[in-house]
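Notes to accompany the following structure.
The sequence lines fix the lettering, A, B, ..., with proteins before strands; numbering per chain opens at 1. FYI, side chains are in, hydrogens and waters are out, and symmetry mates aren't considered; it's all heavy atoms of this structure.
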Amino acid sequence: MNTLKEIIDLCKVQSFDMDFTRAKEWKAEKEGRVLVGYMPIYFPREIIHAAGAMAVGIFGGGDRKQIIKGDAYYQSYICHIPRSIIELALDKHLDHIDGFIFPSICDVIRNLSGIFKQQKIGKFVKYMDFPQNFLPEIGGVFYQQEMEHVLQYIKEINGIEVTKEALNHSIDLYNKNRKMISFIYDIRQDFPWRMSIEEVYYIVRAGTTMPVEEHNALLEKVCEFIKEDIGVPQDKIKVIISGAFCEQPAIGLIKAIEEAGCYVVEDDYMLGSRMILGDIDATTDNPLEAISTSYINQSQYSSSIYDVHNPKEFRLAKMVKERGANGVIFASASFCDPSLLDAPIFQNAFNKLGIRYIAFQYSENINQFKVIKEQVGAFSDSIKLWEDEPVITA
Amino acid sequence: MAQEAQKERSMILQKEMIDGLFNDLANAKELGKKVCYTFIPGNLSELIRTFDMLPVYPEINALQSAMRKKSGAYIKEAEKNAHSEDVCTYVKCDVGMLMKGNVGPTGLKIPEPDILLLSYTGCFTFLKWFETLKREYPNAKVIMVHTPYQENAEMTPHMVEYMVKQLRDEVIPQMEAVTGIKFDEAKLKRHLVLAKEAEDWITKIFDTTKHRPSPIDAYFAGVYYIGPINIGFRGTQEAVDYYKELHAEIMERVRLGLGPITPEGEMKEEKYRLVVEGPPNWTSFREFWKIFYDMGAVIVASSYTKVGGVYDMGWRHDETRPLESLAEYCMNCYTNLNIPQRIALLSKCITDYEADGYITNSIKSCNSFSAGQLAMMREIEDTLEVPVGFIESDLVDPRYFSYSNIKNRLESYFQMLEQRKSMKETV
C-alpha cells in the first residue's frame with residue numbers, strides 16, 4: 001500500500017464485500033477464532049476483540065443485493081435494511097459468522113433479532129439492550145451485565161475467559177482507531193477537498209470488516225497522506241449530514257451530495273465507529289466499567305439514545321458551529337422511526353436558531369438521485385447567494 | 001343509519017369510570033391532583049395511584065379521537081409541522097390534538113402534565129414521543145423507566161434488579177418531589193392486592209372463549225374489556241367490581257348458550273373461531289368489526305388485549321414483592337416479548353381456544369407489532385397447519401383504512417375457511 005489511491009481502492013472493495021472475505025480469512029488463519037456480526041448503530045467492539053473474536057459490521061445489502069426472499073418477511077411500509085439483512089442470511093453470506101448482535105435502536109432491528117432466533121441463524125443471537133438510564137450505578141451496571149452476557153456467549157464457543165489486560169489492550173487499539181478517524185474529519189473540516197466524503201466512507205466502513213490492527217495500520221497511512229496539501233479546492237458550501245445512521249445510503253447518493261455543491265464535513269453514516277467521543281480509559285482495573293462510563297458520558301448524540309437531559313438539537317447546533325458548516329442535510333431512510341421521529345425536534349429548533357437545512361428520504365437500494373441532487377444543488381446555491389448572512393442567529 | 005349499540009350494565013359501569021376520570025382531569029387543578037402522562041404497556045397504575053396522581057394515556061386519547069372521527073385532522077396538523085407521513089399515527093394524533101388546544105375526546109380540556117412517566121416498554125416510539133412532548137411541556141418532569149426487552153425469552157435477575165433500582169432510586173423519589181407526597185409502601189401493596197384480583201377476573205373473562213359458542217369477542221369487545229385495567233383503574237376496587245360484573249354477565253351468556261354481543265345485537269351463529277394478531281383499526285372500528293360478525297366470525301383470542309399485560313400465562317402482581325412485581329409486570333407486556341415468545345403465546349391461544357384460523361391485522365405505522373408479523377404468520381401456519389390471513393390498516397389514520405380491500409381479502413379468507421371445513425366434514 002504505497003499510495004492513498006491504493007488504500008482507498010482496497011477499502012472500497014472491503015466495505016462492500018457481501019461475503020466478508022477478509023473476516024472469513026482471519027477466522028481460518030487460526031483455530032478457535034470467532035466472528036461476531038453486529039448491526040447498526042453502535043456496539044463496543046473492544047469486548048469482542050478482547051475475547052479473541054472479531055466484530056463484523058452488518059449494514060445491509062445496499063444497492064448491491066437484489067431482494068427476493070427478504071420481501072416475504074417485511075411489509076412494504078417497513079424500512080429496507082431488515083429485508084436485505086435477512087436476504088444476506090438466507091443466501092448464506094453470513095454462514096461463517098458465529099453470533100449476531102442487534103443493538104437496541106428501534107423496534108424493527110429488535111424484532112429482527114427475534115426472527116434470527118426463530119430461524120436459528122448463528123450460534124447465538126443477542127439483542128443488546130443499551131441502558132436508557134444514565135446513572136453509572138444503575139444503567140452503567142446494567143450495561144456491564146449486558147456486555148458480560150455477550151462475553152459468555154463467545155466463551156461458550158472459544159473457551160476464552162477475558163482478562164483485564166486483554167480488555168485494556170483492546171480499548172487502547174480502538175481508542176487509536178477513533179482518534180485517527182477523528183483526525184481525518186478534523187483535517188477535512190478545513191481542507192475537505194483533500195479527500196472526498198465517499199473516500200472517507202470507504203475507509204471508515206472498511207474498518208468494520210477487517211481486524212482493528214489492520215485498519216489502524218491503514219488509517220496511520222491515510223492520516224499521513226492527508227496532512228499533505230493535496231486536491232483542489234472548489235466553490236462548495238459545508239454541510240453536516242444527519243439521520244443516516246442505520247440503513248446506509250447507496251454510494252451514489254453519498255457522492256451525489258458532494259457533486260451537487262456541498263462538502264460534507266460531518267456525518268453520521270458510520271456513527272457506530274465514532275460513537276464514543278475521545279478515549280476510553282485503558283488503564284483501569286475494571287475495563288467493562290470504563291466502557292460503560294464512556295457510553296454514558298462520552299456518547300455522540302444519537303436518535304437511539306434518550307436525550308431529555310442533553311437535547312440533541314443543541315448538540316447538533318453546536319456541531320454546526322464547531323465544524324463551520326453552512327447548513328444541515330437531514331437524510332432519513334424511508335420508514336426509519338428514530339430518524340423521522342426526530343425530524344420535527346431538529347427542524348423546529350433550527351427554525352428558531354436560524355440554521356439552514358433541507359430534508360429528504362432515501363432507501364439503501366435506490367440509486368436514482370436526480371431529484372435529491374437538484375434539491376441539494378438548490379440548497380447549496382441558496383446558501384451561496386446569501387452567504388453574507390450569519391449562519392446562526394441565536 | 002347505524003343501529004344504536006346494545007349496552008349491558010358493565011358497559012355503563014365502565015363509561016361512568018372513564019367519564020369520571022376525564023372529569024377529574026378537567027378539574028385536576030381544583031382537585032389539587034398532579035397529572036401523570038404515561039403509556040399503556042408498562043403502565044405503573046398502582047404507583048401512580050399511590051401518589052394520588054391522575055393518569056393520562058396519549059394512546060387512549062388518540063384512539064378515542066379516531067373513533068370520534070377527529071384523528072384525521074389532528075394528523076394533518078402534525079404533518080404540517082414536519083412530522084413524517086410514515087411514523088406512528090398515535091404520536092401525530094396526540095401532537096395534532098395538542099396543537100389544536102388539547103381538548104380531549106370527551107370535549108374536555110386535558111391538563112398539562114406534571115410528570116411524563118416514560119415507561120419505555122416494548123415500543124421504541126414511546127421514547128421519541130415523550131422527547132417530543134418534553135419540548136412542548138418544558139416544565140413537566142420526565143421520569144424514564146427503561147424496561148429491558150425479553151430478548152432471550154426470560155426475565156433475568158439482573159433485568160429485575162435494573163428496574164427495581166430505577167423505581168426505588170429514581171422514579172419514586174422524583175414522584176415524591178413532584179407530588180409532595182411521601183411514598184407509602186403499604187398503600188402500594190393494597191393497590192397490588194386489588195390489581196391481582198382484577199387480573200384474575202380478566203383472565204377468567206378471556207378464558208370464557210373456550211365455550212362454544214364463545215360468549216364474547218376477545219378482540220372487538222375485548223378492547224373495551226381491557227379498558228379499566230389498562231387506563232389507570234388496575235389496583236382499584238372499582239376495577240375489581242367492574243370485572244366481577246362483566247364476568248357474571250358473560251357467564252349468564254354461557255349458561256344461556258348465547259354468542260357475543262355486537263353493535264347490532266347478539267351474534268346468532270358462530271361459524272368461524274379466529275385468533276387475531278395486531279391492534280385494530282380505530283377510525284372505522286365498527287365497519288371493521290361488522291365484516292367479521294356478518295360472516296359469523298368470532299375472535300376467541302387476540303394479542304392486542306395483552307398489550308397492557310400478559311396475565312393468561314399465570315403471572316400476577318405480588319404485594320409481597322412490590323417493586324420486583326412492578327418490574328416484572330412491565331417486562332411481561334406483549335410487545336416486550338420476543339418473536340418466538342409471541343409465536344408460542346399465539347399458538348397456545350389457537351390450540352386452547354380451538355381456533356379455525358389466524359389473522360394478522362398489520363398496522364402501517366406500528367413497527368413494534370408489525371415488524372416480524374409475516375415470519376410469525378408463516379411459522380404458525382407451518383407448525384399448526386392453521387389457515388392464515390393477512391390484512392393491512394392503520395391505527396388512527398383514516399387514509400389507510402381501505403374498506404373494500406379489507407372486505408375482499410376477508411371474504412376470500414372466509415371462503416377458504418369454509419372450504420376447509422367442508423373438506424374436514426367430508427373426511
Side-chain angles (χ1 to χ4, degrees), chain A residues 72-75 77-79 82 86 102 104-115 117-119 125-129 131-133 135 137-139 141-142 145-146 148-149 303-304 306-309 311-313 332 334-338 340-349 359 361, chain B residues 78 81-88 91 95 116 118 120 122-125 127-132 134-135 142 144-146 148-149 151-153 156 158-159 161-162 165-166 169-170 335 337-343 362 364-376 378-379 392 400:
Chain A
Y73 283 78
Y74 287 97
Q75 299 90 316
Y77 37 81
I78 289 175
C79 59
I86 204 86
F102 297 77
S104 54
I105 157 171
C106 70
D107 296 327
V108 172
I109 291 291
R110 184 197 67 183
N111 288 2
L112 179 61
S113 73
I115 294 178
K117 268 190 195 286
Q118 188 67 28
Q119 307 259 339
V125 173
K126 165 76 180 164
Y127 172 75
M128 181 84 182
D129 220 341
Q132 297 291 358
N133 174 291
L135 290 177
E137 66 276 20
I138 301 178
V141 170
F142 174 73
Q145 288 162 335
E146 285 289 281
E148 281 163 7
H149 191 194
S303 292
S304 65
Y306 168 66
D307 83 332
V308 161
H309 306 298
K312 58 179 85 71
E313 61 272 38
S332 305
S334 295
F335 304 106
C336 172
D337 279 343
L340 293 170
L341 286 161
D342 270 349
I345 291 174
F346 279 124
Q347 293 178 24
N348 288 335
Q361 291 182 36
Chain B
N81 196 35
H83 287 262
S84 164
E85 273 184 35
D86 298 326
V87 298
C88 174
V91 177
V95 169
L116 294 164
L118 174 46
Y120 171 46
C123 170
F124 176 82
T125 296
L127 189 143
K128 313 309 291 178
W129 194 338
F130 273 13
E131 282 182 355
T132 300
K134 173 63 181 171
R135 269 93 178 162
V142 187
M144 153 67 89
V145 193
H146 174 203
Y149 182 57
E151 61 101 13
N152 209 24
T156 65
H158 90 250
M159 288 158 75
E161 185 196 353
Y162 173 47
K165 277 197 223 166
Q166 291 181 74
D169 301 343
E170 293 244 77
T335 49
L337 305 182
N338 76 6
I339 297 291
Q341 281 176 297
R342 294 184 195 187
I343 293 171
S362 183
K364 176 185 180 282
S365 68
C366 182
N367 287 335
S368 181
F369 267 99
S370 300
Q373 278 177 330
L374 292 170
M376 288 166 61
R378 197 160 35 241
E379 180 70 19
E392 294 171 311
Y400 298 113

The interface call for A/A72 against chain B, heavy-atom contacts under 4.5 Å, is both
Does any non-hydrogen side-chain atom of A/E137 lie less than 4.5 Å from one of A/F142?
no
Out of B/C88, B/C123, B/A375, B/A153, which one racks up the most heavy-atom pairs below 4.5 Å with chain A?
B/C123
A/P82 versus chain B, the contacting section by heavy-atom distance below 4.5 Å:
neither
Heavy-atom distances under 4.5 Å only: say whether A/V108 touches chain B with side chain, backbone, both or neither.
both
Using non-hydrogen atoms and a 4.5 Å limit, figure out which bit of B/Y162 sits close to chain A: side chain, backbone, both or neither.
both
With a 4.5 angstrom heavy-atom cut-off, could you sort out which part of A/S334 is near chain B: side chain, backbone, both or neither?
neither
Would you please say whether a donor-acceptor pair under 3.5 Å links the side chains of B/N367 and A/N111?
no
Of the backbone (N, CA, C, O) and the side chain (C-beta and beyond), which part of B/E85 lies under 4.5 Å from a heavy atom of chain A, both, or neither?
neither
Pick one of side chain, backbone, both or neither for B/K364, based on which atoms fall under 4.5 Å of a heavy atom in chain A.
both
A side-chain contact here means heavy atoms from C-beta on lying under 4.5 Å apart; do A/F346 and A/K312 qualify?
yes
Charged N-O contact under 4.0 Å between A/D307 and B/R135:
yes
Can you tell which part of B/E379 gets under 4.5 Å to a heavy atom of chain A, answering side chain, backbone, both or neither?
side chain
Sidechain N-carboxylate O distance under 4.0 Å for B/E131, B/K128
yes
Quiz question: by atom type and distance under 3.5 Å, do the side chains of A/K126 and B/N152 form a donor-acceptor pair?
no
B/R378 charged N/C atom sitting above A/Y73 aromatic ring, 6.0 Å / 45°:
yes
Heavy-atom proximity to chain A below 4.5 Å, by part of B/N338
side chain
What residue in B/G372, B/S362, B/S368 has the most heavy-atom pairs under 4.5 Å with chain A?
B/S368
Do B/Y149 and A/Y127 make the cut of ring centroids closer than 6.0 angstrom?
yes
Residue B/E170 versus chain A: region with a heavy atom under 4.5 Å
side chain
Contact between A/I345 and B/T132 at the side-chain level, heavy atoms closer than 4.5 Å - yes or no?
yes
Under 4.5 Å to a heavy atom of chain A? For B/C366 that would be neither
